[in-house]
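Chain letters run A, B, ... following the sequence lines, proteins first and then strands; every chain starts at 1.
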Protein chains: 2
Amino acid sequence: MGAMSNVERAVSALRQMIFAGELPPGSDHLETELAEKLGMSRTPVREAALMLQAQGLVEMRPRRGIRISPVSATDMAEIYDILTELESLAAARAAEAQYSKADLATLATAIRDMDAALAADDLRAWAEADDRFHRELVRLGRNARLSMVVSVMRDQVRRARATTLFMRPKPKQSNEDHRVVYQAIARGDAKTAHDTHHAHRQAARDMLVALLEKHQFHGL
Amino acid sequence: MGAMSNVERAVSALRQMIFAGELPPGSDHLETELAEKLGMSRTPVREAALMLQAQGLVEMRPRRGIRISPVSATDMAEIYDILTELESLAAARAAEAQYSKADLATLATAIRDMDAALAADDLRAWAEADDRFHRELVRLGRNARLSMVVSVMRDQVRRARATTLFMRPKPKQSNEDHRVVYQAIARGDAKTAHDTHHAHRQAARDMLVALLEKHQFHGL
DNA sequence: GTATGCGTTTGTGTATACATTAACGCACGA
DNA sequence: TCGTGCGTTAATGTATACACAAACGCATAC
C-alpha cells in the first residue's frame, strides 16, 4: 500500500501544484526550494523534474531553476492538432473493434453526465465528464503509445482550460458531436466516427486558439 | 567545446549502443555496470536512463536493472499508426504553408538520393535518404511537439529496421509516393499531400508488420 | 550616467555513502 | 522430488558532500 517512492510522491505533488495554479506558468523554482517544500532531498526532486520535463510540464535550466512551462496560444494550436489526429484515429479503431453495448457503457455514462451538467449549468462537472469521455475513447482505440502521447497533450489542455473554461460559449454542439461518435462506434462505422470526431476537435481548437489570442495569453 | 554534461554524454552513448545492437533488446543492465562502462558515477547514468525511459527506449525496473525495451510486431503496428497520422498532418500543413521551390530543396535532394541509391542497390544509403525525407517533411509541418513525438517514434522504427531492411522487397513504390507528396506540397495541394502520404505509410506499416510477424520477432 | 571588470555568492552537476528491501539460494520438511 | 521459509546478498532509492561555474553586486573608469 504505502509502496510509493519519494520520486513518485514528488511527481504527483508537483503535478497537483501545477494544475492547481500553485506553481504558476512561467515561474521559476530552485531544486532546494522544492525539495524543502516536499520534505525530501534534492535527488528525488531532480528525478521527478526530469520526468515532468519529458512531458513538457517544466523546463530545467541550469542555475535558473525549474521553470513551469508556459502555454501560449501557439502551443495550444500545436497540441490540438496532435490531439485531433490521434483521437480521431482512436475513434476509428474503436469502431472497427466491434465493441458491445456493455463495452461502451463508460462512454454512454460520460455523455449522459455531460448532458446533465449542461442542463444544471455546472461547467466544472461538464469538463470532468468531457475528460472522461475522451479518455475512454482513446482507451478503446487500443494503442498504448497513442494513449500515452494523448494523455501528455491533454495535461497541457487541462492547464489552459482552467483559464478558458468560463470564457467560452456553452458547449452544446459538443454534446451532440459526442453522441454521433458514440453511435458510429456502436454500429462499427469507422469513417463517421473518425470524421465526426475530427471536425469536433478542429472546431474546439479554432475556438480555443481564438479565445487565447483575443485575451493575449501568449505567455501564460 | 567540452561543454557537454555527463548526463548528455550518457544519453548519446547509450543511444548509440542501443542502435548499434551492442545493448540488445530485452537485455538487462545494472546501473553500476553501465556507470563503470561509461566512466562516470551512477547519478548521471540514472538521469540518462530516466530520459531514455520517457522515450520508450529502456525500462527501469527496481532490482532487475535497466532493460533495453524490446520491439514487438504489435509495438511496430502501434508506432506506424501514430507515424501515419502525424506525418500526414505535417504533409498537409507543409502544403498549406506555400513553400518556395528553394524551401523544398532538401526534400528534392532526398528524393534524388533515394533514386540513386535504389539504382545502385544500396539499401543502407536508401534508408538514410528516406529518413532524411521524412525528417524534413515533418520539419516543414512546423509543429515542434509533433516533431518531437515523431522523432521518438522514428527511433523505434530505426531499431526494427536494422533487422528488416534486408528482408523486404525493393522500395520502388516508395520513391514514387515521395515524388507525388513533394509535388503536392510544391503546388499547395494539402489534400493530395495528406492522402498520398497516409496511404504510403499505411502500406509500409502493413508490409513491416507482416514481415515481423512472419519472422516471429515478437519479443525482439 | 553608463560601461567594464573583479570578487562573492549560490545553484547545480556529480560523486559517494548508506539504509532498505527485493531476489536468490539453501536447508528443511512433506 | 517438490514446495516452503529463512538468511544472505546485492541493487536500488535517497541523502549528503563538494567542486565548478554562472549570476549578481559593487567599485571603478570613462
Exercise for the section: Would you kindly give the CE-to-P distance between A/M4 and D/dT14, to the nearest whole Å? Expected result: 11 Å
Practice task
Round to a whole Å and report the spacing from CD1 of A/I66 to C1' of C/dT12.
Solution key: 11 Å
Practice task
Would you tell me if any nitrogen or oxygen in the side chain of A/S41 comes within less than 4.0 Å of OP1 or OP2 on D/dA15?
Solution key: yes
Handout entry: Per B/E47 side chain, nearest of listed nucleotides C/dT14, D/dA15, D/dA11
Key = C/dT14
Practice task
Starting from C1' on C/dT21, measure out to CZ on B/R61 and report it in whole angstrom.
Solution key: 17 Å
Practice task
Could you state the atom-to-atom distance from CD of A/E36 to C1' of C/dG11 in whole Å?
Solution key: 15 Å
Fill in the blank from the handout: Between CG of A/L30 and P of C/dG13 the distance, given in whole Å, is 12 Å
Practice task
By nearest nucleotide on DNA chain D, pick out whichever of A/E8 and A/R64 is the more 5' one.
Solution key: A/E8
Handout entry: Polar contact flag, side-chain donor to acceptor under 3.5 angstrom, A/W126-A/N175
Key = yes
Handout entry: Atom pair distance, as rounded to whole Å: CG in B/L38 and P in C/dG13
Key = 18 Å
Exercise for the section: Taking atom CE of A/M60 as the centre, report whether more than 12 heavy atoms of other residues, nucleotides or ligands fall under 6.0 Å from it. Expected result: yes
Exercise for the section: Look at the side chain of A/R42 against the base of C/dG11 and say whether a donor-acceptor pair falls under 3.5 Å; ignore hydrogens and angles. Expected result: no
Problem - Polar side chain donor-acceptor pair, A/D75 to A/S72, under 3.5 angstrom - result: yes
Problem - B/L50 CG - D/dT12 P separation (whole Å) - result: 13 Å
Handout entry: Lys/Arg N to Asp/Glu carboxylate O, A/D81 vs B/R93, below 4.0 Å
Key = yes
Exercise for the section: On DNA chain D, check which nucleotide each of A/T43 and B/E31 is closest to and give me the residue with the more 5' one. Expected result: B/E31
Problem - Under-4.0 Å side-chain N/O to phosphate OP1/OP2 contact, A/R46 with C/dG13 - result: yes
Practice task
Select base, sugar-phosphate, or nothing to describe what A/M40 touches, counting heavy atoms under 4.0 Å on all strands.
Solution key: sugar-phosphate
Problem - Side-chain-base donor-acceptor pair under 3.5 Å for B/T32 and D/dA11 - result: no
Problem - Distance, rounded to the nearest Å, where B/R63 contributes CZ and C/dT21 contributes C1' - result: 5 Å
Exercise for the section: Kindly indicate whether the side chain of B/D130, heavy atoms from C-beta on, has any atom under 4.5 Å from the side chain of B/H178. Expected result: yes
